[in-house]
Number of protein chains: 4
Amino acid sequence: MDNHFQSSKPIYLQIADQIFYRLVRKELLPGDKLPSVREMAIQTKVNPNTIQRTYSEMERLGIVETRRGQGTFIAEKADIVDELKDRLTREVLEGFVKQMTELGLTKEEMVEGIKTFTEGG
Amino acid sequence: MDNHFQSSKPIYLQIADQIFYRLVRKELLPGDKLPSVREMAIQTKVNPNTIQRTYSEMERLGIVETRRGQGTFIAEKADIVDELKDRLTREVLEGFVKQMTELGLTKEEMVEGIKTFTEGG
Amino acid sequence: MDNHFQSSKPIYLQIADQIFYRLVRKELLPGDKLPSVREMAIQTKVNPNTIQRTYSEMERLGIVETRRGQGTFIAEKADIVDELKDRLTREVLEGFVKQMTELGLTKEEMVEGIKTFTEGG
Amino acid sequence: MDNHFQSSKPIYLQIADQIFYRLVRKELLPGDKLPSVREMAIQTKVNPNTIQRTYSEMERLGIVETRRGQGTFIAEKADIVDELKDRLTREVLEGFVKQMTELGLTKEEMVEGIKTFTEGG
DNA sequence: GTGGTCTAGACCACG
DNA sequence: GTGGTCTAGACCACC
């Protein structure tokens with residue numbers, strides 16, 4: 001009945017994130033057509049306006065392009081994916097290191113943390 | 001001039017974070033007195049209501065305790081700090097690994113990323 | 001590959017504009033036959049419906065006339081071109097002066113702007 | 001009863017334009033508070049969401065900044081106005097020259113046109 | 001009070 | 001069919 005979205009982040013950005021991740025993992029390729037606004041709204045069980053906002057935001061970022069009356073497509077630019085992956089990776093990495101540093105952890109401890117976490121967790 | 005707060009996270013939580021980090025880095029110790037709501041509001045250039053909310057939230061978490069007519073103090077319980085540090089570390093680590101995994105990175109690449117990031121910037 | 005149309009203005013009007021300008025620059029003359037809807041659609045890589053709309057719009061404006069079973073032709077009326085040029089020029093000029101005035105520029109500054117712009121780029 | 005908006009351009013952008021022009025003409029200064037979304041909606045007789053969109057767009061452009069619970073303000077950055085004026089002027093100029101050139105007019109004719117238009121018109 | 005988000009439903013231009 | 005815009009009304013967090 002209900003969608004599985006976190007309450008903290010706007011839904012329209014969470015949906016954009018999902019698409020970003022599918023792009024980065026090559027599940028979506030440049031030139032691929034995204035579901036129409038209405039179709040996507042049904043799939044994700046949110047209002048079409050929310051999807052509209054997601055698509056607008058992605059277009060603003062150059063990730064997708066809309067073709068009049070045809071739909072919304074992953075941008076054809078070949079490097080869009082790697083750019084995106086780099087940016088997302090960098091952002092995550094930056095936030096992680098910043099927070100860990102504020103917690104007083106050294107680089108070695110961070111590395112150690114990852115190793116134990118990916119095994120034990 | 002104005003405050004330097006990110007727009008994404010509520011200000012009252014950003015201030016709580018600052019206090020958390022000072023605690024974890026031992027700049028604040030159990031039993032230490034925090035500035036009064038009004039004083040803190042002036043320092044951070046924020047509405048007193050916002051500080052009030054910060055303090056309430058921290059009290060709810062057991063980080064601080066308020067003593068009638070005396071002020072707000074870091075909780076005396078000795079283990080509060082390490083507990084807090086562990087929890088924050090774990091949370092940050094968990095979020096990091098989850099996101100990087102979604103980006104398709106392996107454990108090795110994460111470690112590599114941290115190394116290059118903390119060096120090269 | 002795809003078309004190179006701006007997203008702001010309807011494609012069918014952009015195509016009409018192209019024809020207008022060719023007319024004004026005497027690359028198209030009264031009586032000349034335009035490509036068929038289908039042919040034009042292929043050339044411009046656009047849906048035939050869109051071209052149909054372009055031709056309809058131009059016919060409404062008296063720029064072209066369609067002859068049953070023969071195709072679409074630039075109107076024979078000799079003055080159509082100059083009339084058109086005058087109208088377009090006037091419209092563009094009017095819009096320009098209006099906007100520049102709203103920006104607080106004087107006539108002198110407009111003239112100056114044109115001079116520097118057409119030289120310096 | 002009704003608003004005076006052109007049909008061609010989205011209302012939310014037309015309202016942004018109005019604000020831009022007031023800014024450029026120094027009727028609005030950096031730091032000034034804009035009417036609240038609701039208030040502006042009443043003034044312009046449009047839906048609050050439409051204003052919201054206007055403000056969002058302007059924030060994206062760095063023209064305004066919103067302060068939590070306080071309202072929307074013209075960005076404090078001193079050069080924002082000149083930047084804006086330059087950009088707007090350049091855009092208008094560019095479009096004008098491009099269109100006039102397509103109409104086959106020379107620079108001299110453009111200048112002439114402006115002179116006669118600003119007198120006669 | 002403020003802005004931010006979301007829903008529901010509508011209309012439109014475009015292809 | 002598609003996306004783009006707008007309205008009406010609601011709820012929320014924040015100040």
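The sequence lines fix the lettering, A, B, ..., with proteins before strands; numbering per chain opens at 1.
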Separation of [X] atom [atom1] from [N] atom [atom2], in whole Å?
X	N	atom1	atom2	value
A:K9	E:dG4	NZ	P	17 Å
D:L34	E:dG3	CG	P	9 Å
A:R60	F:dG3	CZ	C1'	18 Å
D:K33	F:dC15	NZ	C1'	13 Å
A:E57	E:dG4	CD	C1'	14 Å
B:R53	F:dA13	CZ	C1'	6 Å
D:I51	F:dC6	CD1	C1'	12 Å
A:M40	F:dG1	CE	C1'	18 Å

Report task. Look at all strands and tell whether D:N49 reaches a base, only sugar-phosphate, or nothing, counting heavy atoms closer than 4.0 Å. Result -> base

Query raised in the report: What does C:N47 touch in the nucleic acid at a heavy-atom separation under 4.0 angstrom: a base, only the sugar-phosphate, or nothing?
Result: sugar-phosphate

Nearest to the side chain of [X], heavy atoms from C-beta on, is which of [options]?
X	options	result
D:V46	E:dC6, E:dG3, F:dT7	F:dT7
D:R68	F:dT2, E:dG3, F:dC14	F:dC14
D:Q52	F:dC15, E:dT5, F:dG4	E:dT5
C:T50	E:dC6, F:dT7, E:dG15	E:dG15
A:P10	E:dT5, F:dC14, F:dC15	E:dT5

Query raised in the report: Should E:dC6 form a Watson-Crick or G-U wobble pair with both distances under 3.5 Å, which nucleotide is its partner?
Result: F:dG9

Report summary line: Pairing partner of E:dC14, by Watson-Crick or G-U wobble and under 3.5 Å for both distances, is F:dG1

Salt bridge check, [Y] against [X]: does any charged N sit closer than 4.0 Å to a carboxylate O?
X	Y	value
B:R60	B:E65	no
A:R53	A:E59	no
B:E83	B:K85	no

Report summary line: Nearest-nucleotide check on DNA chain E, C:Y12 vs A:Q14; residue mapping nearer the 5' end is A:Q14

Query raised in the report: Is there a side-chain polar atom (N or O) of A:S36 under 4.0 Å from OP1 or OP2 of F:dT2?
Result: yes

Report task. May I ask you to verify whether the side chain of D:R67 and the base of E:dG3 hold a donor-acceptor pair under 3.5 Å? Result -> no

Query raised in the report: Has the side chain of D:R38 got a donor or acceptor atom sitting under 3.5 Å from an opposite partner on the base of E:dG3?
Result: yes

Query raised in the report: With a cut-off of 6.0 Å (strictly less than), are more than 12 heavy atoms of other residues, nucleotides or ligands near NZ of B:K33?
Result: yes

Query raised in the report: Do A:P30 and A:K77 have side chains that get closer than 4.5 Å, going by heavy atoms?
Result: no

Query raised in the report: Between A:Y55 and B:L13, which is nearer to the 5' end of DNA chain F once each is assigned its nearest nucleotide?
Result: A:Y55

Query - Flag for D:Q14-D:Q18: side-chain donor and acceptor within less than 3.5 Å - result: no

